[in-house]
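To start, the structure under review is shown below, and the notes come after it.
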Amino acid sequence: MTAKAAVRVPGRARFGGLFTGETTSFLAWFGAAWLGSAFYQLDGWRSVLLGAGGTTPRLLLALLTVLALLTWAPLLRRSFLWAEPAALTWLDFTGRDRARSISVRVWTVWLLRLLALTYTGALLAAVARAPMWTVLVGAAVLGTTAVVVLALAAGVGHALRLPVALAAGRPRLVAGWHERIVRVVAVTFLDPLLMLPAARPVPGHRLGSLPRFVLAGMVGRSRYAVPALLLAVLVAFAHAALPGLPDVVLVALGAYAAVMPFAGGLGWLWRSPGLRRWLDGPDVALRGWHAAGLAAVATGWALVVLVVTVLLGAPLSAAAWLSLPVMVGAVVRTATRPPISYEAPGQTDTPFGPAPVRLVAQLVRGPDLGVVGVWLLAAVPLGLVTVLVTAVLVVWCVLR
């Protein structure tokens with residue numbers, strides 16, 4: 001009796017379509033060429049990242065370590081465990097070992113993250129003219145964290161029969177497939193709010209009022225506190241190690257990314273008219289209470305940034321701290337974005353092809369006023385007018 005030949009899912013491109021010669025290939029090779037060109041423009045990167053000052057090898061190593069931890073953390077959630085239900089049944093029927101395909105996916109995700117970290121570390125070392133011992137220690141840090149995370153996420157065993165792939169059952173794989181479908185649909189239809197995380201049940205918590213509802217939403221998403229903490233430490237070390245980057249921009253980007261997952265309750269509320277009717281509260285109250293909860297999260301995040309920057313001897317400017325309420329307002333404005341409308345998207349020609357103007361306008365709702373506020377704080381001297389305009393932007397984001 002002869003063994004069955006390995007089968008492939010019909011219509012699925014090999015290597016993710018990288019060598020098909022179509023759009024995916026063009027974007028991949030264009031991106032690789034652009035990333036490689038950065039090493040031929042080190043003076044420009046040096047002026048952007050370091051400015052007129054400099055940095056120390058120890059700060060670079062600390063920055064790379066924190067960045068590595070933040071990059072490896074999502075791998076521990078094992079989002080690579082997925083399989084489409086139809087293909088899962090079909091592959092089982094033909095006798096193919098699905099653990100092989102999942103193991104290959106684990107190695108692919110792991111290797112891509114390792115390559116991204118290696119590239120970032122190499123670029124930082126080249127820009128800062130780091131000595132050779134810094135490069136060797138950085139390589140050791142990346143290698144150690146990579147091996148440890150791979151052991152925690154997948155275990156040890158045969159390279160193409162990883163224990164995590166062998167132990168994954170159909171319910172876990174199908175649940176992972178559903179999560180992946182949500183992400184793909186969100187990106188395809190320019191609606192990233194679909195990816196806002198759901199809250200986990202909070203034992204013993206009763207939703208008797210709007211403040212309790214907001215508190216339950218924050219507590220139910222407390223699993224994002226660790227990534228937020230790592231972001232705070234990363235912002236502090238980036239400010240100390242890369243003095244050329246405006247601290248207003250660093251704090252604003254870090255705060256927006258850290259606070260956004262905790263706005264999932266507000267986002268779900270705005271996309272569910274039935275849930276809003278059940279709460280029976282005016283829009284102003286809904287926005288206000290959630291803004292207060294998000295402000296509390298941003299305050300805790302800012303305290304971590306403050307402690308680390310003080311320990312590093314690199315205090316932030318007043319304008320950087322003023323960007324925090326702007327980002328809280330931008331998060332509220334983003335989460336309360338109306339559902340995406342695809343009627344008459346209004347196409348316009350760009351150097352990269354036609355772009356749907358109205359869809360893009362809906363997509364940038366929230367970050368738009370956040371960018372205006374950050375630009376104002378970074379470009380205009382801090383004064384009474386700047387503070388008043390910033391306050392108006394924050395109020396506008398929360399109320400409208």
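One is the number of the first residue; the rest follow in order along the sequence.
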Identify all side-chain donor-acceptor contacts of residues 378-391 below 3.5 Å with residues at least two apart in sequence or on another chain.
residue: Thr386; atom: OG1; partner: Pro381; partner atom: O; Å: 3.0
residue: Thr390; atom: OG1; partner: Thr386; partner atom: O; Å: 2.7

Atom pairs and distances, side-chain donor-acceptor, residues 287-299, under 3.5 Å, sequence neighbours left out:
residue: Arg287; atom: NH1; partner: Thr336; partner atom: OG1; Å: 3.0
residue: His290; atom: ND1; partner: Leu286; partner atom: O; Å: 2.9
residue: Thr299; atom: OG1; partner: Ala295; partner atom: O; Å: 2.7

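Side chain of Trp270 to main chain of Ala335: no donor-acceptor pair is present (N/O by atom type, distance under 3.5 Å, no hydrogens or angles). No donor-acceptor distance shorter than 3.5 angstrom exists from the side chain of Arg365 to the backbone of Thr334, with no hydrogens or angles considered. Side-chain atoms of Arg337 come within 3.5 Å of backbone atoms of Gln362 as a donor-acceptor pair (strictly under, hydrogens ignored). A donor-acceptor pair is defined here as one N or O able to donate and one able to accept, closer than 3.5 Å; no such pair exists between the side chain of Arg333 and the backbone of Pro367. Judged by distance alone, the side chain of Arg221 and the main-chain N or O of Gly217 form a donor-acceptor pair under 3.5 Å. Under a 3.5 Å cut-off, the side chain of Thr188 and the backbone N or O of Val185 do not form any donor-acceptor pair.
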Q | Full working for side chain to side chain contact (heavy atoms under 4.5 Å, CB included) between Val259 and Trp301 | A | CA-CA 9 Å; Val259 175; Trp301 183 85; 5.6 Å; no
**Q.** Audit row: Val214, Leu266, side chain to side chain contact (heavy atoms under 4.5 Å, CB included) steps and yes/no
**A.** CA-CA 8 Å; Val214 174; Leu266 183 60; over 6 Å; no
Q) How far apart are the C-alpha atoms of Leu306 and Leu316, what are their side-chain angles, what is the distance that settles it, and do they pass the side chain to side chain contact (heavy atoms under 4.5 Å, CB included) test? A) CA-CA 8 Å; Leu306 175 62; Leu316 294 168; over 6 Å; no
Q.
What verdict does the side chain to side chain contact (heavy atoms under 4.5 Å, CB included) test give for Leu111 and Leu115, after you've listed the backbone C-alpha separation in whole Å, the side-chain angles of each residue and the deciding distance to 0.1 Å?
A. CA-CA 6 Å; Leu111 183 60; Leu115 289 176; 4.3 Å; yes
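Applying the side-chain hydrogen bond (donor to acceptor under 3.5 Å, both in side chains) definition to pairs two or more places apart or across chains, those involving residues 43-53 are Asp43-Arg46. Evaluation of the side-chain hydrogen bond (donor to acceptor under 3.5 Å, both in side chains) test over residues 190-203, restricted to residues two or more places apart or in two chains, returns Asp191-Arg271. Sorted by first and then second residue, the ring-ring contact (aromatic ring centres under 6.0 Å, His included) pairs involving residues 113-153 (not counting sequence neighbours) are Phe39-Tyr119. Within the structure, side-chain hydrogen bond (donor to acceptor under 3.5 Å, both in side chains) pairs that include any residue of residues 222-231 do not occur (at least two apart or interchain). Applying the side-chain hydrogen bond (donor to acceptor under 3.5 Å, both in side chains) test to residues at least two apart or on different chains, the pairs with a partner in residues 308-317 are Asp247-Ser317.
Under the 6.0 Å distance and 45° angle rule, Arg105 does not count as a cation-pi partner of Trp110.
How far OG of Ser323 is from CG of Leu250: 9.5 Å, rounded to the nearest 0.5 Å. Taking OG1 of Thr55 as the start and CG of Leu63 as the end, the distance is 8.0 Å to the nearest 0.5 Å. To the nearest 0.5 Å, atom CD of residue Glu179 and atom CE of residue Met195 are 12.5 Å apart. For the atom pair CG (Leu162) and CZ (Arg100), the distance works out to 11.5 Å, reported to the nearest 0.5 Å. Rounding to the nearest 0.5 angstrom, the gap separating the OG atom in Ser79 from the CZ atom in Arg183 is 5.5 Å. The structure places CG of Leu69 at 9.5 Å from CG of Leu117, a figure rounded to the nearest 0.5 Å.
In this structure the side chain of Met327 never reaches within 4.5 angstrom of the side chain of Leu253, judged on heavy atoms. In this structure, the side chains of Ile340 and Leu193 stay at 4.5 Å or more apart for every pair of heavy atoms. Residues Leu322 and Val248 form no side-chain contact, since every pair of their non-hydrogen atoms from C-beta on lies 4.5 Å or further apart. With a 4.5 Å cut-off on side-chain heavy atoms, Leu64 and Val141 do not count as touching. A 4.5 Å side-chain heavy-atom check between Val305 and Trp321 finds at least one atom pair inside the cut-off. Annotation: side chain of Glu84 is not in contact with side chain of Arg180 (no heavy-atom distance under 4.5 Å). Side-chain contact between Leu359 and Phe189 is absent, with no heavy-atom pair separated by less than 4.5 Å.
Checked against side-chain contact (heavy atoms from CB on, under 4.5 Å), Arg113 has the following partners two or more places apart in sequence or in another chain: Thr71, Trp72, Pro74, Leu75, Val109. Arg400 pairs by the side-chain contact (heavy atoms from CB on, under 4.5 Å) definition with Trp396, not counting sequence neighbours. Considering only residues two or more places apart in sequence or on other chains, Arg58 meets the salt bridge (charged side-chain N to carboxylate O under 4.0 Å, His left out) condition with none of them. The side-chain contact (heavy atoms from CB on, under 4.5 Å) test applied to Pro315 returns no partner, not counting sequence neighbours. With sequence neighbours left out, the side-chain contact (heavy atoms from CB on, under 4.5 Å) criterion links Val148 to Thr144, Leu152.
Cluster membership for Val182 and Leu190, using ILVMFWY side-chain heavy atoms within less than 4.5 angstrom, is shared. The cluster map of Ile, Leu, Val, Met, Phe, Trp and Tyr, joined by side-chain heavy atoms under 4.5 Å apart, puts Val332 and Val372 in different clusters. Clustering ILVMFWY residues whenever any of their side-chain heavy atoms sit less than 4.5 angstrom apart, transitively, puts Tyr40 in a cluster other than the one holding Leu35. One hydrophobic cluster holds both Val174 and Leu81 under the rule that ILVMFWY side chains link at heavy-atom gaps under 4.5 Å. Placement of Leu50 and Val135 in two distinct hydrophobic clusters is found when ILVMFWY residues are connected by side-chain heavy-atom separations under 4.5 Å, directly or transitively.
Of all non-hydrogen atoms in Leu60 and Ala130, the two that sit nearest each other are CD1-CB, 4.5 Å. For Leu393 against Gly373, the heavy-atom pair with the smallest separation is CD1-CA, 3.6 Å. The minimum heavy-atom distance linking Val202 with Ala216 is given by the pair CG2-O, 3.7 Å. Contact detail for Leu142 and Leu114: the closest heavy-atom pair is O-CD1, 4.3 Å. Scanning both residues, Ala320 and Val251, for their nearest heavy atoms gives O-CG1, 3.6 Å. Val331 approaches Ala263 most closely through the heavy-atom pair CG1-CB, 3.5 Å.
Within a 6.0 Å radius of CH2 in Trp268, other residues, nucleotides and ligands contribute 12 heavy atoms or fewer.
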